[in-house]
K.L.:
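My questions all concern the structure below.
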2 protein chains.
Amino acid sequence: MEELEHPDRAGLRIEAVLAALDHPVRLRVVRTLADGEELTCRQILPEMTKSSASHHWRVLRENGIVEQRKQGRNLYMRLRRADLDARFPGMLDAVIDG
Amino acid sequence: MEELEHPDRAGLRIEAVLAALDHPVRLRVVRTLADGEELTCRQILPEMTKSSASHHWRVLRENGIVEQRKQGRNLYMRLRRADLDARFPGMLDAVIDG
DNA sequence: CCTATGGTTCGATTTGATTCGAACCATATC
DNA sequence: GATATGGTTCGAATCAAATCGAACCATAGG
């Protein structure tokens, strides 16, 4: 398994962020992580098939929405609030509260 | 031709806004209208076929991004900045500046 | 080593959005 | 009325994203 690639803060693109958030499942993931908690993938989307879920994890990670961390067999996800707030102030709150 | 239907401020939905903005052509339209100017459709997208352009006009209007006004043969468009800023503070600036 | 669990990858299918041409509608001008 | 212009609507084609099963990889625990 290759290393998890995340764009750095300066590499965040609004087009990518919009694309990542324009999906009901991924929007729900963002709202689930809104309180800053770090959760495993299975905790967030237990009902979805593994391959579909994995697809969404990748979109969220590569487009800079979440940071993923491997620990043992689990993959933990955390919302990149600081980075997103710094680059696109207000955006994340609008999405979460909206 | 039926009347142009716009959602009111309270009817703006973040999911719809994200879907409307997640397209390069529509993102360009928003940025073109960013200074508050009111422009005709043909001024904004002169190169695109009428039917494709009309499709994007409808998405932008129905999802609350722009207000459209008919005058004579022309359709004028204006960014709904006040409404979008009120409902989703920071969102529009992030998209325009991003 | 063996087994179970958590995720990824691949290929194929399905679904939804975009695109376009053609026909049409509405308004302005002659 | 005739003609030109600005947009809409419809249906069909095209293209991208989402979905899924199956096979695979990695780690934890016996």
Side-chain angles (χ1 to χ4, degrees), chain A residues 1-7 13-33 37-79, chain B residues 1-7 13-30 32-33 37-78:
Chain A
M1 189 181 302
E2 67 244 33
E3 275 314 297
L4 299 172
E5 290 189 10
H6 298 80
R13 294 177 306 113
I14 188 65
E15 293 85 354
V17 171
L18 291 170
L21 297 177
D22 180 24
H23 192 282
V25 167
R26 294 193 293 261
L27 195 58
R28 205 175 85 227
V29 171
V30 168
R31 286 174 171 156
T32 303
L33 295 169
E37 205 178 353
E38 192 180 42
L39 296 172
T40 68
C41 297
R42 300 229 93 212
Q43 286 176 319
I44 302 174
L45 286 182
E47 79 287 357
M48 180 165 259
T49 62
K50 291 167 153 197
S51 49
S52 293
S54 186
H55 165 68
H56 292 301
W57 302 146
R58 185 161 52 86
V59 174
L60 287 168
R61 171 168 42 82
E62 293 182 346
N63 293 6
I65 310 298
V66 304
E67 188 197 343
Q68 294 176 351
R69 176 177 67 86
K70 266 182 97 173
Q71 185 176 11
R73 283 176 297 196
N74 295 312
L75 191 60
Y76 285 86
M77 304 180 68
R78 181 181 62 78
L79 193 57
Chain B
M1 188 181 300
E2 66 245 32
E3 276 315 298
L4 298 172
E5 289 189 12
H6 299 80
R13 293 177 306 113
I14 188 64
E15 293 85 354
V17 171
L18 291 170
L21 298 177
D22 180 24
H23 191 282
V25 167
R26 294 192 293 260
L27 195 57
R28 206 174 85 226
V29 170
V30 168
T32 303
L33 294 169
E37 206 178 351
E38 191 180 45
L39 296 172
T40 68
C41 297
R42 300 228 94 212
Q43 288 176 317
I44 302 174
L45 286 181
E47 78 287 358
M48 182 164 257
T49 63
K50 292 166 151 196
S51 49
S52 292
S54 186
H55 165 68
H56 291 301
W57 303 145
R58 188 161 51 86
V59 173
L60 286 168
R61 171 170 40 84
E62 293 183 345
N63 293 3
I65 310 297
V66 304
E67 188 195 342
Q68 294 175 351
R69 176 177 67 84
K70 265 182 97 173
Q71 184 176 10
R73 281 177 298 197
N74 296 311
L75 192 60
Y76 286 86
M77 301 180 70
R78 181 181 63 75

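Proteins get letters first, then strands, A, B, ... in listed order; numbering begins at 1 in each. Atom set for the values below is all heavy atoms of this structure, side chains included, hydrogens, waters and symmetry mates excluded.
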K.L.:
Under 3.5 Å, which protein N or O atoms sit close to an N or O of nucleotides 14-19 of chain C? Give each pair with its distance.
P.N.:
unit_1	atom_1	unit_2	atom_2	d
dT18(C)	OP1	R26(B)	NH1	3.3
dT18(C)	OP1	R26(B)	NH2	2.8
dT18(C)	OP2	H55(B)	NE2	3.0
dT19(C)	OP2	H56(B)	NE2	2.6

K.L.:
Roughly how many Å is it from CG in L39(B) to C1' in dG6(D), rounded to a whole number?
P.N.:
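Result: 15 Å.
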K.L.:
Given atom CG of L45(A) and atom C1' of dC20(D), what is their separation to the nearest angstrom?
P.N.:
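Checked: the CG to C1' distance equals 15 Å.
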K.L.:
Search all heavy atoms of L33(A) against all heavy atoms of I44(A) and return the closest pair with its distance.
P.N.:
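The answer is CD2-CD1, 3.9 Å.
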K.L.:
Examine distances only and state if a side-chain atom of R69(A) and a backbone atom of Y76(A) form a donor-acceptor pair shorter than 3.5 Å.
P.N.:
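Checked: no pair found.
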K.L.:
Without decimals, in angstroms, what is the distance between N74(B) CG and dA26(C) P?
P.N.:
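Answer to the nearest Å: 17 Å.
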K.L.:
So that I can tick it off, tell me whether E15(B) and R31(A) are bridged by a salt bridge, with the cut-off set at under 4.0 angstrom between side-chain N and carboxylate O.
P.N.:
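Counted as a salt bridge, because a side-chain N and a carboxylate O are separated by less than 4.0 Å.
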K.L.:
How long is the line joining CZ of R69(B) and P of dA26(C), in whole Å?
P.N.:
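So the CZ-P distance, R69(B) to dA26(C), works out to 20 Å.
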K.L.:
Checking S54(B) against S51(B): is there a side-chain donor and acceptor pair closer than 3.5 Å?
P.N.:
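No, no side-chain donor-acceptor pair sits under 3.5 Å.
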K.L.:
Less than 4.0 angstrom between a side-chain N/O of S54(A) and OP1 or OP2 of dG7(C), yes or no?
P.N.:
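Negative; the distance criterion is not met.
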K.L.:
Could you check how far CZ of R58(B) sits from P of dT9(D), rounded to whole Å?
P.N.:
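R58(B) atom CZ is separated from dT9(D) atom P by 7 Å.
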K.L.:
Start at the 5' end of DNA chain C and walk down; is the nucleotide closest to R61(A) or to R73(A) reached first?
P.N.:
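Going by which nucleotide is closer to the 5' end, it is R73(A).
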K.L.:
Which heavy-atom pair separates Q68(A) from L4(A) by the least distance, and what is that distance?
P.N.:
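So the two residues come closest at O-CD1, 3.7 Å.
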K.L.:
Does any N or O in the side chain of R28(B) come within less than 3.5 Å of the main-chain N or O of H23(B), such that one atom is a donor and the other an acceptor?
P.N.:
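Checking the backbone N and O of H23(B) against the side chain of R28(B), no donor-acceptor pair under 3.5 Å is found.
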K.L.:
Using atom CD of E5(B) as one end and atom P of dT8(D) as the other, report the distance to the nearest whole Å.
P.N.:
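Checked: the CD to P distance equals 14 Å.
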K.L.:
Please pick, from dG7(C), dT8(C), dT8(D), the nucleotide with the shortest atom-to-atom distance to any side-chain atom of K50(B).
P.N.:
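The listed nucleotide nearest to K50(B)'s side chain is dT8(D).
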K.L.:
Without decimals, in angstroms, what is the distance between K70(B) NZ and dT8(D) P?
P.N.:
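Checked: the NZ to P distance equals 8 Å.
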K.L.:
Over how many whole Å does the gap from W57(B) atom CH2 to dT8(D) atom P extend?
P.N.:
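Result: 9 Å.
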K.L.:
Can you tell me which residue among I65(B), N63(B), D22(B) is in a side chain to side chain contact (heavy atoms under 4.5 Å, CB included) with V17(B)?
P.N.:
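Among the candidates, only I65(B) passes.
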